[in-house]
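Shown next, in structure tokens, is the structure this report addresses.
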Amino acid sequence: MTCRLGLNDFRRMKTENERIAMLTAYTAWQARLAEGAGAEMLLVGDSVGMVEHGLPDTLGVTLEMMILHCAAVSRGSEKAFLVGDMPFMSYEVDDREAIRNAGRLLQEGRVQSVKLEGGISRVETIRALVRAGIPVMGHVGLTPQTSIALGGFKVQGKDRAGARRVFEDAMAVAEAGAFALVLECVPALLAKVITERLSIPTIGIGAGLSCDGQVLVLHDVLDFYGAFRPKFVKVYAEGSSTINEGLTRYVNEVKMGLFPAEEHSFKMDPSVLEELE
Ligand code: KIV
């Protein structure tokens with residue numbers, strides 16, 4: 001049995017200025033590929049609702065969906081540290097429910113930690129989870145589950161009041177005991193100040209180069225998600241066109257009678273068939 005990376009590894013990486021590479025993964029094959037590429041952390045994000053289930057946003061993602069995807073990612077990986085997203089309304093009602101739901105992600109989904117969105121307003125929940133022995137990754141800045149309240153998918157913390165809000169949220173989440181913090185869609189300068197101030201690692205997505213690590217959605221990195229592409233995304237492989245090319249060749253070969261060829265077919269002794277005639 002290979003040992004997974006743990007919280008001490010990420011503390012050490014922060015201290016030694018070693019950058020953390022994180023990717024989302026939702027299935028066993030994606031986990032295998034992301035881990036194989038060297039990602040130390042895999043996030044089973046609630047973005048699964050949009051990129052795998054075709055939902056318009058993350059609000060429709062349920063705990064059962066998350067458990068299923070977490071378990072698949074756990075089976076497909078050996079070494080990476082796994083973070084399971086707590087879906088909308090799985091931690092807001094009260095702390096007991098949050099502990100029960102986070103516990104299911106660990107027990108049934110076999111992830112090592114959970115992520116939840118929100119800053120000062122989530123401090124008590126983070127404390128309760130940490131007290132229960134559940135490692136928590138925070139997530140501040142643009143929080144997609146509350147994007148309606150934030151006025152849409154907008155960069156957070158650009159003006160004085162906004163910057164103070166994101167800064168105080170980040171400090172509060174760390175103070176509450178989170179082991180790491182996602183900073184989403186905040187100006188690079190603000191992310192730098194927060195990263196320098198915190199002793200826990202920051203993981204940026206649209207937050208510039210000064211964060212201790214970076215996370216991107218796998219489907220964005222591989223250009224699998226056609227709906228829209230945020231400014232902070234960099235495409236590293238033209239997945240859609242490569243796959244499309246392969247699938248089109250398959251369809252064409254079927255239509256033209258070129259597939260299956262002899263090497264894809266099974267042989268038998270023709271005399272066996274005499275008995276059938
Ligand atoms: O769900 C997700 O993929 C996320 C990342 C964008 C950080 O929360």
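Values below: every heavy atom of this structure, side chains too, minus hydrogens, waters and symmetry copies. One-based numbering, in listed order, for ligands and for the atoms of each.
At a 3.5 angstrom cut-off on N or O pairs, Ser47 counts as close to ligand 1. Taking only nitrogen or oxygen atoms, main chain and side chain alike, Asp46 reaches within less than 3.5 Å of ligand 1. Polar contact check, Lys115 against ligand 1: a nitrogen or oxygen pair lies under 3.5 Å apart.
Residue contact check: Thr24 has heavy atoms under 4.0 Å from atoms 3 (O) of ligand 1. Within ligand 1, counting atoms from 1 as listed, the ones closer than 4.0 Å to a heavy atom of Gly45 are 1 (O), 2 (C), 3 (O).
When each of Met13, Lys79, Gln112, Met41 is paired with Leu5, the side-chain contact (heavy atoms from CB on, under 4.5 Å) condition holds for Lys79 and for no other.
If you look at Thr58 next to ligand 1, there are no close heavy atoms at all, none under 4.0 Å. If you look at Ile205 next to ligand 1, the close heavy atoms, those under 4.0 Å, all belong to the side chain. Contacts between Asp85 and ligand 1 below 4.0 angstrom, taking non-hydrogen atoms only, involve the side chain exclusively.
Distances from ligand 1 to the non-hydrogen atoms of Glu117 include no value under 4.0 Å.
Asp223 has a carboxylate O that lies under 4.0 Å from a charged side-chain N of Arg229, or vice versa, which qualifies the two as a salt bridge.
Looking only at side-chain heavy atoms (C-beta outward), Leu105 and Met66 come within less than 4.5 Å of each other.
Other residues, nucleotides and ligands contribute over 12 non-hydrogen atoms within 6.0 Å of the CZ atom of Arg12.
Centroid-to-centroid, the aromatic rings of Phe179 and Phe10 stay 6.0 Å apart or farther.
Side-chain N/O atoms of Thr195 and Thr202 include a donor and acceptor closer than 3.5 Å.
If you check which protein heavy atom lies closest to atom 4 (C) of ligand 1, you get Leu43 CD2, 3.6 Å.
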*Report the C-alpha separation of Arg11 and Glu16 in whole Å, then their side-chain angles, then the decisive distance to 0.1 Å, and conclude whether the salt bridge (charged side-chain N to carboxylate O under 4.0 Å, His left out) test is met.*
CA-CA 9 Å; Arg11 278 186 209 113; Glu16 296 178 5; over 6 Å; no
